[in-house]
Amino acid sequence: MLASYAAMWTEQMKAYRKADAKGTDLERYVTAEALGQFRNDLDRMKAAGTVVRGELGHAGTEVTGLDMEAQTPTATVRDCMDISKWQTYSTKKDQVLPMPSNQPRRYVATAEAQKWEDGWIIKGAT
């Protein structure tokens, strides 16, 4: 399950680096609803002329809940995210944009995953 979560982030970062999901396998690791949200984010980035540079850090990623008895088995993932090396870059201005001063650089995120026939996919993250 954690391998699917990590692969989702790898594919998402590929998309964020160019503000486009083409050439990624993002749809392989997320539900249709989550894919729609990512595509909306990418559309906003493209319209604003921004991409992401740098790396997204993960620490202590773990499964904190698991229900294999549900009709669609589910899992909850807890992840300590670190965006301190992440930059929003303006392709229109050819410069790094400052992060909002109130933006936490490290925070805990949770995600829900579902076990489908082809493996685990990520439903969403908060």
Side-chain angles (χ1 to χ4, degrees):
M1 204 298 302
L2 290 178
S4 293
Y5 179 78
M8 182 267 311
W9 273 111
T10 297
E11 297 304 309
Q12 187 173 345
M13 291 304 295
K14 284 181 194 176
Y16 282 174
R17 286 188 175 98
K18 58 185 181 175
D20 195 334
K22 290 179 186 160
T24 72
D25 288 327
L26 194 53
E27 69 279 350
R28 182 175 171 192
Y29 299 104
V30 297
T31 62
E33 181 181 346
L35 183 60
Q37 291 172 357
F38 289 136
R39 286 186 173 150
N40 287 340
D41 288 347
L42 294 169
D43 287 344
R44 282 191 294 275
M45 290 173 67
K46 192 176 287 187
T50 59
V51 295
V52 170
R53 290 185 170 178
E55 296 301 321
L56 176 64
H58 302 271
T61 307
E62 64 181 341
V63 176
T64 57
L66 186 62
D67 183 356
M68 296 301 290
E69 302 302 319
Q71 183 175 356
T72 301
T74 60
T76 303
V77 176
R78 180 182 177 273
D79 187 9
C80 297
M81 310 284 280
D82 181 348
I83 61 169
S84 62
K85 296 179 183 173
W86 177 323
Q87 298 175 327
T88 301
Y89 183 81
S90 171
T91 57
K92 292 178 179 179
K93 297 179 181 179
D94 196 27
Q95 68 183 28
V96 174
L97 301 176
M99 276 193 186
S101 59
N102 63 345
Q103 171 68 51
R105 303 305 191 255
R106 292 178 181 85
Y107 57 92
V108 175
T110 58
E112 184 180 331
Q114 295 178 333
K115 177 114 174 55
W116 287 17
E117 194 173 296
D118 293 337
W120 288 94
I121 62 169
I122 309 305
K123 182 178 177 188
T126 57

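Only a predicted model underlies this, so the values are computations on that prediction, with no experimental measurement involved.
- The hydrophobic cluster containing V77 also contains I122, counting ILVMFWY residues as joined when their side-chain heavy atoms lie under 4.5 angstrom apart, directly or transitively.
- Judged purely by atom type and a 3.5 angstrom limit, E11 has no side-chain atom pairing as donor or acceptor with the backbone of T24.
- Between P73 and Q71, the shortest heavy-atom distance links the atoms CD-O, 3.7 Å.
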Check step by step if side chain to side chain contact (heavy atoms under 4.5 Å, CB included) holds for M99 and R105.
CA-CA 9 Å; M99 276 193 186; R105 303 305 191 255; 3.5 Å; yes
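- Taking both residues in full, the closest heavy atoms of L35 and E27 are given as CD2-CB, 3.7 Å, listed atom of the first, atom of the second, then distance.
- Panel note: side chain S4, backbone W120; a donor-acceptor pair is recorded below 3.5 Å.
- Atom CD of Q103 sits in a crowded spot, with more than 12 heavy atoms from other residues, nucleotides or ligands closer than 6.0 Å.
- To the nearest 0.5 Å, atom SG of residue C80 and atom CZ of residue R106 are 10.5 Å apart.
- Of all the heavy atoms in A34 and K123, the pair that sits closest is CB-O, 3.4 Å.
- A continuous path of ILVMFWY side-chain contacts below 4.5 Å connects M68 to Y5, so both sit in one hydrophobic cluster.
- Annotation for R17: atom CZ counts as buried by contact number, over 12 foreign heavy atoms lying within 6.0 Å.
- Side chain to side chain, D82 and Y107 fail the donor-acceptor criterion of an N or O pair below 3.5 Å.
- A continuous path of hydrophobic side-chain contacts links F38 to Y29 [ILVMFWY only; heavy atoms under 4.5 Å].
- Aromatic ring orientation, Y16 versus W86: tilted (interplanar angle from 30° to 60°).
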Would T110 and E112 count as a side chain to side chain contact (heavy atoms under 4.5 Å, CB included) if you check the C-alpha gap in whole Å, the side-chain angles of each, and the deciding distance to 0.1 Å?
CA-CA 7 Å; T110 58; E112 184 180 331; over 6 Å; no
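- Heavy-atom minimum distance, V63 versus M1: CG2-CE, 3.8 Å.
- Rounded to the nearest 0.5 angstrom, E55 CD and I83 CD1 are separated by 13.5 Å.
- L2 and V30 fall within a single hydrophobic cluster, where Ile, Leu, Val, Met, Phe, Trp and Tyr side chains are chained together by heavy-atom contacts under 4.5 Å.
- Rounded to the nearest 0.5 Å, atoms NZ (K115) and CG (L66) are 11.0 Å apart.
- Between the side chain of K18 and the backbone N or O of K22, at least one donor-acceptor pair lies under 3.5 Å.
- In summary, K46 and D20 engage in a salt bridge, as defined by a charged side-chain N under 4.0 Å from a carboxylate O.
- Note that OG1 of T31 is 5.5 Å distant from CD1 of I121, once rounded to the nearest 0.5 Å.
- Counting only heavy atoms from C-beta outward, the side chains of M45 and D43 never approach each other to under 4.5 Å.
- For A15 against L42, the heavy-atom pair with the smallest separation is O-CD2, 3.6 Å.
- Criterion: ILVMFWY side-chain heavy atoms under 4.5 Å apart, direct or through other members. Under it, V108 and M81 are not part of a common hydrophobic cluster.
- In this structure, D67 and A70 approach most closely via the heavy-atom pair OD1-N, 3.1 Å.
- A donor-acceptor pair shorter than 3.5 Å can be found between the side chains of W116 and Q114.
- From K14, atom NZ reaches atom CG of D25 across 6.5 Å, with rounding to the nearest 0.5 Å.
- By the 4.5 Å heavy-atom criterion applied to side chains, L56 and M13 are counted as neighbours.
- Counting heavy atoms from C-beta outward, T50 and L97 have side chains that approach closer than 4.5 Å.
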